[in-house]
Structure formats: structure tokens, C-alpha cells
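Single-structure report; data block below.
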Amino acid sequence: MSFASVILALVTLQRLGELVLSRRNTERLLARGAIEVGARHYPLIVLVHAGWLAALWIWGRNQDVNLAILAALLLLQGLRLWILAALGPRWTTRIIVLPGAPLVASGPYRYFPHPNYAVVVGEIALLPLALHLPVLALIFTLLNLAVLAIRIRAESRALSVADWPRVSTP
């Protein structure tokens with residue numbers, strides 16, 4: 001198995017693990033009275049991410065790996081862990097709003113309104129670049145940005161419906 005295949009396997013496992021975590025958190029939030037917003041665009045997100053991974057497996061599994069770009073991608077994983085820690089059981093891949101719960105304003109959310117999307121934008125560009133696939137990086141970055149334009153609008157509307165209190169956690 002090539003080094004590129006090992007990286008792709010790890011990214012695939014990470015994404016599958018995130019889906020499991022997201023599903024668990026979504027079920028728990030919905031059981032507490034949360035509501036999902038913007039569900040109509042969710043299949044587009046899944047399609048872009050699944051297409052990205054499939055394209056990487058097809059064209060990237062035997063590519064040489066640019067270690068400098070891979071290092072940048074690994075730094076993004078640290079930010080991803082910080083995001084997951086800040087949101088805790090409220091992290092999902094969907095837009096789930098829990099009425100009455102304060103907005104999270106700790107961790108990276110203290111500095112940036114959508115840090116998870118910044119990480120995803122970086123990953124979608126950097127992994128293909130690390131595998132010397134700049135055309136895939138461009139195509140999927142543009143597709144992802146189009147979907148994120150819809151998603152961020154939907155999420156911002158959902159979170160601004162009420163005058164949500166903000167909470168910081170240590």
C-alpha cells in the first residue's frame with residue numbers, strides 16, 4: 001500500500017468517524033427538542049465530500065506525497081480537534097438548533113464565526129495538492145465554496161432568529 005493510500009485511508013476513516021459522531025450528537029440534540037434547519041442542501045454537502053474522496057482514491061492513491069503540504073493539512077487537524085472540543089455534544093454535520101441553548105463563544109468560536117468551514121475549505125484544497133492533483137483541488141474547492149455559500153447563509157439565519165445568549169467555557 002502506498003503512502004498516499006495510507007493517508008487516504010486515514011482521511012476516509014476520519015470522515016466515517018465524524019459521521020458516526022454527528023449522527024449520535026444529532027439524535028441526542030433532537031431528543032432534547034432541537035430542530036434541524038436547512039436540511040434540503042445537506043445532500044449536496046454529502047455529494048461534494050463523497051465525490052472529493054472518490055476522486056482522491058481514483059487519481060491520488062499512488063501519487064507521491066508533498067510532505068510540506070501534508071504538514072499544513074496535519075495542522076488543520078489540530079484546529080479540527082479544538083473545534084470538536086469547543087462544541088462538544090453540539091457538533092454535527094447538520095445545522096441543528098437547540099432553542100434556548102446559548103451559542104458557543106469559546107475556543108476558536110471566540111475569534112471566528114465558522115472555524116469548521118475554514119478547516120474543511122483548507123482540507124479540500126490541501127489534500128489534493130499534497131497528492132499533486134491541483135485540478136482536483138480547484139474543482140472541489142469551487143464546488144465546496146458554492147455549497148458553503150448556501151450553508152453559511154442557512155446557518156447564520158437559523159442562529160440569528162432569536163437573540164441567543166453567548167456562553168464561554170474554559
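Predicted model, so just to flag it, every value in this text is computed and none were measured.
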Worksheet entry | Backbone N/O of G38 and side chain of H41: donor-acceptor pair under 3.5 Å | yes

Practice prompt. Check step by step if side chain to side chain contact (heavy atoms under 4.5 Å, CB included) holds for L47 and Y42.
Written response: CA-CA 9 Å; L47 185 63; Y42 187 72; over 6 Å; no

Worksheet, complete the sentence: Apart from L142 itself, members of its ILVMFWY cluster (side-chain separation under 4.5 Å) are L138

Worksheet entry | Passing candidate, side-chain contact (heavy atoms from CB on, under 4.5 Å) with L127, options L136, L53, L8, V65 | L8

Worksheet entry | With sequence neighbours excluded, residues passing salt bridge (charged side-chain N to carboxylate O under 4.0 Å, His left out) with E155 | none

Practice prompt. Just grab all the salt bridge (charged side-chain N to carboxylate O under 4.0 Å, His left out) pairs involving residues 66-75, residues at least two apart or on different chains.
Written response: none

Item to complete: Please identify each residue that fulfils salt bridge (charged side-chain N to carboxylate O under 4.0 Å, His left out) with R151, with sequence neighbours left out.
Response: none

Worksheet item: Partners of H114 by ring pair (Phe, Tyr, Trp, His ring centres under 6.0 Å), sequence neighbours excluded?
Response: Y117

Response to the item:
So CD1 of I45 and CG of L148: to nearest 0.5 Å the spacing works out to 7.0 Å

Fill in: Co-membership, hydrophobic cluster, residues I95 and I152, 4.5 Å side-chain
no

Discussion item. For a side chain to side chain contact (heavy atoms under 4.5 Å, CB included) check, start with the C-alpha distance between N116 and V120, then their side-chain angles and the critical distance, and finish with the verdict.
Written reply: CA-CA 6 Å; N116 195 61; V120 172; 4.3 Å; yes

Practice prompt. Measure the CD1-CG distance between I58 and L133 for me, rounded to the nearest 0.5 Å.
Written response: 11.5 Å

Worksheet entry | Polar side-chain atom of S5 near backbone of M1 as donor-acceptor pair, under 3.5 Å | no

Practice prompt. Report the distance from atom OG1 of T141 to atom CG of L126, rounding to the nearest 0.5 Å.
Written response: 8.5 Å

Show me the side-chain donor-acceptor pairs of residues 23-35 shorter than 3.5 Å, one per line, residues at least two apart or across chains.
residue	atom	partner	partner atom	Å
N25	ND2	W91	O	2.8
T26	OG1	S22	O	2.8

Fill in: E36: partners by salt bridge (charged side-chain N to carboxylate O under 4.0 Å, His left out), with sequence neighbours left out
R94

Worksheet item: What's the spacing between Y109 OH and L87 CG if we round to 0.5 Å?
Response: 4.0 Å

Discussion item. If the condition is side-chain contact (heavy atoms from CB on, under 4.5 Å), which residues does L129 pass it with, not counting sequence neighbours?
Written reply: I69, P134, A137

Worksheet item: Do W59 and L131 sit in the same hydrophobic cluster, where Ile, Leu, Val, Met, Phe, Trp and Tyr count as joined when their side-chain heavy atoms come under 4.5 Å apart?
Response: yes

Fill in: Set of residues satisfying side chain to side chain donor-acceptor pair (under 3.5 Å) with respect to W57, sequence neighbours excluded
T12

Discussion item. With rounding to the nearest 0.5 angstrom, report the CG to CG distance, L21 to L84.
Written reply: 6.5 Å

Worksheet item: In chain order, what residues pass the side chain to side chain donor-acceptor pair (under 3.5 Å) check against E123, with sequence neighbours excluded?
Response: R15, Q77, R80

Fill in: salt bridge (charged side-chain N to carboxylate O under 4.0 Å, His left out) contacts in which one or both residues fall within residues 50-68, not counting sequence neighbours
none

Practice prompt. Any salt bridge (charged side-chain N to carboxylate O under 4.0 Å, His left out) involving residues 42-51? Give me the pairs, sequence neighbours left out, ordered by first then second residue.
Written response: none

